[in-house]
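Keep in mind it's a predicted model, so treat the numbers as computed, not measured. When reading the values below, keep in mind they use all heavy atoms of this one structure, side chains included, and skip hydrogens, waters and symmetry mates.
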Amino acid sequence: MKFGDRLKKERQKKQITQQKVADELNVSRQTISSWETENSYPDIESLLRISDYYQVSLDTLLKEDTGMTEYLKKQEILKSIKPVILVLTVIDLIFLGVIGMDFLGIIKFNSWLSRLLFVMGILNVIALILLASFGNKVSGRVTKIQKRTPLYLIIMIISIILAIVLGYLGQLGVSGIFGGIAFGVAIILIISHKK
């Protein structure tokens, strides 16, 4: 029996309304309805409260329902990648701070170290984008921009390569334009994948 059917059966066995259950579990009636129709699933804390409320073991509630167990696995994966996304974001902010201090003349790097930092920062941005994209795929949320992530990554990588090559050849103005394009694409991707 599916999870939603089990919930509905237990509620009907007690002869209570969805509203009564919602009041007891501190959720909306629509949430109960959504759980019973399997349009959504409860989080782990709510699952424990449901088990206690109906006096039914978690094993009985979840048995034979692959949809619910898959949902719980996805939630665990999403929870485990959040700290990695946070660390990558902090590294990107530090990278921007160092590049900004170099640009303002507060600290000075030689041209190779500056380029190396730039490449490392962009690679970190790419890692952040890919990880956020993975999280969105796991959760099932995908926007048009996110569907085109490979194209944007190719544009960003080509822009980075052109910026480095042109910078090495002394064409700093054109190099800056391509660096700006790469940075802009990275920002678009980060924002689109954070939603």
Side-chain angles (χ1 to χ4, degrees), residues 1-97 121-150 152-153 185-195:
M1 181 180 290
K2 296 231 177 226
F3 175 76
D5 294 333
R6 284 188 199 282
L7 279 183
K8 188 172 185 177
K9 180 182 165 197
E10 291 298 326
R11 181 179 57 79
Q12 289 173 339
K13 193 163 57 173
K14 286 186 171 245
Q15 298 180 344
I16 53 178
T17 65
Q18 288 181 341
Q19 186 61 54
K20 171 77 172 147
V21 175
D23 292 342
E24 292 292 325
L25 298 177
N26 294 319
V27 296
S28 69
R29 186 207 57 78
Q30 291 83 357
T31 299
I32 300 297
S33 174
S34 182
W35 291 345
E36 288 184 359
T37 58
E38 296 184 22
N39 289 330
S40 69
Y41 292 103
D43 58 21
I44 293 175
E45 290 175 19
S46 297
L47 198 55
L48 293 171
R49 289 195 318 257
I50 291 167
S51 173
D52 290 342
Y53 182 72
Y54 288 127
Q55 298 296 309
V56 177
S57 72
L58 287 174
D59 185 51
T60 303
L61 277 175
L62 301 177
K63 202 174 250 181
E64 299 174 13
D65 188 350
T66 56
M68 180 62 172
T69 53
E70 187 176 308
Y71 170 80
L72 291 172
K73 286 178 186 174
K74 285 180 180 181
Q75 294 306 308
E76 189 63 32
I77 291 169
L78 291 172
K79 185 178 176 183
S80 67
I81 66 172
K82 279 185 180 180
V84 178
I85 290 175
L86 179 64
V87 168
L88 289 173
T89 302
V90 169
I91 290 170
D92 284 339
L93 292 173
I94 292 170
F95 159 72
L96 288 174
I122 293 299
L123 289 174
N124 193 66
V125 168
I126 291 170
L128 180 62
I129 291 166
L130 292 174
L131 191 59
S133 178
F134 172 74
N136 287 333
K137 283 180 186 176
V138 168
S139 69
R141 298 181 320 247
V142 180
T143 65
K144 287 182 181 179
I145 291 176
Q146 292 165 350
K147 288 179 184 175
R148 296 184 184 130
T149 296
Y152 289 120
L153 285 174
V185 170
I187 295 299
I188 289 169
L189 287 172
I190 289 172
I191 291 170
S192 72
H193 287 283
K194 290 282 186 184
K195 293 180 181 177

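Rounded to the nearest 0.5 angstrom, Y54 OH and K13 NZ are separated by 10.5 Å. Rounding to the nearest 0.5 angstrom, the gap separating the OG atom in S28 from the CG atom in D23 is 10.5 Å. Between I91 atom CD1 and L86 atom CG the span is 10.0 Å, to the nearest 0.5 Å. E36 CD to T31 OG1: the interatomic distance, rounded to the nearest 0.5 Å, is 11.5 Å.
Residues R11 and K8 have side chains in contact (heavy-atom distance under 4.5 Å, counting atoms from C-beta outward). For the pair V27/R49, a side-chain contact is recorded, criterion being any heavy-atom separation below 4.5 Å from C-beta on. Residues L25 and I32 are in side-chain contact: their nearest non-hydrogen atoms beyond the backbone lie under 4.5 Å apart.
Between the side chain of Q15 and the backbone N or O of Q12, no donor-acceptor pair lies under 3.5 Å.
Across all non-hydrogen atoms, the minimal contact from Y41 to W35 is C-NE1, 3.5 Å.
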Mind running side chain to side chain donor-acceptor pair (under 3.5 Å) on Q19 and R29 for me, showing each step along the way? CA-CA 5 Å; Q19 186 61 54; R29 186 207 57 78; 4.8 Å; no

Give the intermediate values and the outcome of salt bridge (charged side-chain N to carboxylate O under 4.0 Å, His left out) for residues K20 and E24. CA-CA 6 Å; K20 171 77 172 147; E24 292 292 325; 3.1 Å; yes

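If you run side-chain contact (heavy atoms from CB on, under 4.5 Å) between S46 and each of I44, L48, D43, only D43 comes through.
Annotation: salt bridge (Lys or Arg N to Asp or Glu O under 4.0 Å) contacts of K79 (sequence neighbours excluded): none.
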